[in-house]
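Every chain is numbered from 1, with letters handed out A, B, ... down the list of sequences.
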Amino acid sequence: MTRARFAPSPTGYLHIGSAHTFIFNWLYVRKHQGKLVLRIDDTDVDRNTQASLDSIYDGLNWLALGWDECYRESDRLEVHRKLADELLAKRFAYRDFTPAAADVPEDRPHGEGPWLCNPDMRALSGEESDRRAAAGEPFVIRFRVQRDPAYEVAFHDEVYGPQSKLTADIEDFALLRSNGLPTYHLASCADDIDMKITHVIRGQDHLSNTFKHILIFQGANAPLPRFAHLPLLIAPDGSKLSKRKHGPVVSVTTYRDKGFLAVAYINFLCLLGWSPKDNREQMTLYELTSAFNLDGVHRSNAVVNFSEADPIDPKALWLNSQHLRSIPVAVLAPLVRKTLEEQGLEPPADEVFFHHVIDTIRTRFSTLLDFATKGRAYFSDDYPIEKQALEKLDAPGARELLHELANRIESDPEFTEASVERDLRKLAEERGVKAGLIINSSRAALTGQPVGPSAFAVFTCIGRERVIRRLRKV
RNA sequence: GGCGCUAUCGUCUAACGGUUAGGACGGAGCCCUCUCAAGGCUUAAAUACGGGUUCGAUUCCCGUUAGCGCUACCA
């Protein structure tokens, strides 16, 4: 049974890089009929906040992919400590009584090589170590990394291929802090072992940490999971995405708030660092699941293409517009309804009519918000008349023609797209004007906009009563 | 500084030794048309650099350069 995990730490909102990792895990697990564990990585009590946790769930819930099991690492400290004790007992780890922050010089000059361990502490006898611990002296538990210069730790990464590193280049990393709380490395491995995780799929920033993790797994005599590291999402200037530097573009909820469809955003994220290799771009969740595989995952980081002038990656926007026009109207309608209500507009109660309106206008929209802005005239009588629309209404004879059109529509027993077209063209012919004049000014009068769907479709979307009223009002 | 990873159009990517280096977004242009979108068509735009290996390198190897990651009692 495939078991993967997603382990966000609640030190901020749900970052798009985290969402990227979450989605790849989800896809992998679905594809292999496995289970996905959501594990809140909250071992750093000083930096965790409830607000962050809420916003992570916020983002995850919007994505609506779900998960199978959920844990908080802070509830599992016993599991972590137990592993630290086990490693200590096996002498794979040792107590380091060096006071915090004193073990690494602040301004370690370059060229002297990295800090690897505190030899005195490493050499402490078991009795001495026990005695000082019993005396209440604070300590950190460190992994005793093999110092034999020929010793190497190796693994096969599902994305990056064969990896190896000399243990001589790995420092004696901390497992348990002096406050008794586990470090990331310990908690992560202890939980992976305990939860029988088979696939660790995470960001490439953990690629070099994997060597340490393997040491822990080996020390615990636990079977190794498969590792797959994912390329990182970065900013156009190559730096990593951070809220401080890049603002709201790094938070998933931003895209929700801008009117993105979750499936479109998921689609967009999938195309960063992965390719189905057959030129497909727009894909449904089902298509993504069946096409997904680790072979298609890239090894180089992917740039999210935004700028200050244009804070949304144009491809994300394009993908959203594609999904917006191709998902079933019945699926789209509730989302549009919610958006309209949030914007203070009143969507029509008649569901069939509502679907008709949505279907007519959605091809030129790219986000849900467009229904409330560009599409406002379809849902409210209070809509602005744009300057260029006004110019169309100011065309010679336009207003009078519209008033007369209102009369004809009032006496049209059908009021369908075809019948209105007949009414309008007949009027144009009788008056000797081009149909285009009436068509364009009608659109301007009915929607306040110079552009939009076929004018005849607009009539049926606005509705007979409102059409007559709006035409007479100009 | 040490160690690890990476390098194809502006961006996302395809080509796993032989292609006129393909697609998409964005840009430009044309067609369609009641406007605007959509759609269709056309077009500009890339293998970081230098060495090898090979009959032949985007592809394999080495070096250089650049970027990223790790080098915390952060994750």
Side-chain angles (χ1 to χ4, degrees), chain A residues 7-9 11 41-44 46-47 96 98-101 103-104 108-116 138-142 157 160 163-166 168-171 173-179 181-185 187-188 203-212 229 231-232 234 236-240 268 271-282 295-296 298-306 310 313-319 321-322 325 361-366 374 388-389 392 421 424 434-444 449-456:
Chain A
S9 81
T11 52
D41 185 354
D42 56 356
T43 52
D44 184 7
D46 295 338
R47 302 202 315 162
D96 182 347
T98 313
D103 51 357
V104 182
R108 170 159 35 96
H110 285 314
E112 278 188 14
W115 173 90
L116 288 172
F139 59 86
V140 55
I141 296 182
R142 295 187 180 281
D157 189 274
Y160 287 85
Q163 304 291 314
S164 67
K165 185 168 183 165
L166 263 13
D169 290 321
I170 302 173
E171 77 283 3
F173 54 95
L175 297 169
L176 200 71
R177 297 181 265 207
S178 54
N179 63 4
L181 293 174
T183 63
Y184 160 73
H185 302 300
S188 173
Q204 188 241 58
D205 47 344
H206 288 300
L207 189 59
S208 27
N209 283 332
T210 306
F211 298 107
K212 296 173 191 168
H229 288 85
L232 267 20
I234 56 175
D237 67 356
S239 65
K240 66 176 183 182
F268 169 68
L271 261 21
L272 294 176
W274 173 78
S275 163
K277 294 178 187 279
D278 55 9
N279 284 344
R280 274 185 297 171
E281 304 260 24
Q282 187 201 347
D295 288 341
H298 248 225
R299 284 181 285 274
S300 50
N301 294 343
V303 170
V304 179
N305 197 15
F306 63 87
D310 197 2
D313 189 313
K315 194 146 194 172
L317 211 52
W318 173 77
L319 236 17
S321 64
Q322 294 300 308
R325 73 193 45 148
I361 61 184
R362 66 170 166 172
T363 58
R364 62 212 79 214
F365 291 170
S366 53
K374 295 181 190 171
Q388 282 160 305
K392 305 237 183 221
E421 177 161 8
L424 188 148
K434 285 166 82 174
L437 172 69
I438 313 181
I439 288 172
N440 290 323
S441 51
S442 300
R443 184 188 297 103
Q449 294 166 345
V451 301
S454 156
F456 306 115

Q.
Quick check: any donor-acceptor pair below 3.5 Å linking the side-chain of Ser208(A) to the base of rC70(B)?
A. no
If you go through the side-chain atoms of Arg443(A), does one of them form a donor-acceptor pair with the base of rC36(B) closer than 3.5 Å?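 No, the side chain and the base share no sub-3.5 Å donor-acceptor pair.
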_NZ/Lys165(A): more than 12 non-hydrogen atoms of other groups inside 6.0 Å_ =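 Buried by this count: over 12 neighbours within 6.0 Å.
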Taking a pair to mean Watson-Crick or G-U wobble geometry with both distances below 3.5 Å, rU59(B) pairs with none
Should rU6(B) form a Watson-Crick or G-U wobble pair with both distances under 3.5 Å, which nucleotide is its partner?
->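 With both distances under 3.5 Å, rU6(B) matches rA66(B).
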Separation of the [atom1] atoms in [N] and [M], to the nearest angstrom:
N	M	atom1	answer
rG2(B)	rU20(B)	P	44 Å
rC16(B)	rU58(B)	C1'	11 Å
rC49(B)	rA66(B)	P	15 Å
rU33(B)	rA28(B)	P	23 Å

* Would you tell me if any nitrogen or oxygen in the side chain of Gln449(A) comes within less than 4.0 Å of OP1 or OP2 on rC34(B)? =>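 It does not, given that no N or O in the side chain of Gln449(A) lies less than 4.0 Å from OP1 or OP2 of rC34(B).
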Is Arg325(A) close enough to rA38(B) that one of its side-chain N or O atoms is under 4.0 Å from OP1 or OP2 there?
no
Comparing Ser454(A) with His206(A), nearest RNA chain B nucleotide closer to 5' gives the residue Ser454(A)
For nucleotides 5-14 of chain B, print each protein N/O atom paired with a nucleotide N/O atom at under 3.5 Å, atom names and distance only.
unit_1: rU11(B); atom_1: O4'; unit_2: Asn305(A); atom_2: ND2; d: 3.4
unit_1: rC12(B); atom_1: OP1; unit_2: Val303(A); atom_2: N; d: 2.9
unit_1: rC12(B); atom_1: O2'; unit_2: Leu271(A); atom_2: O; d: 2.6
unit_1: rC12(B); atom_1: O2; unit_2: Lys315(A); atom_2: NZ; d: 3.3
unit_1: rU13(B); atom_1: OP1; unit_2: Gly273(A); atom_2: N; d: 2.1
unit_1: rA14(B); atom_1: OP2; unit_2: His298(A); atom_2: NE2; d: 2.4

Inset, instruction - Verify the distance criterion only: is there a donor paired with an acceptor across the side chains of His206(A) and Ser188(A) at less than 3.5 Å? - result: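 No, Ser188(A) and His206(A) have no side-chain donor paired with an acceptor closer than 3.5 Å.
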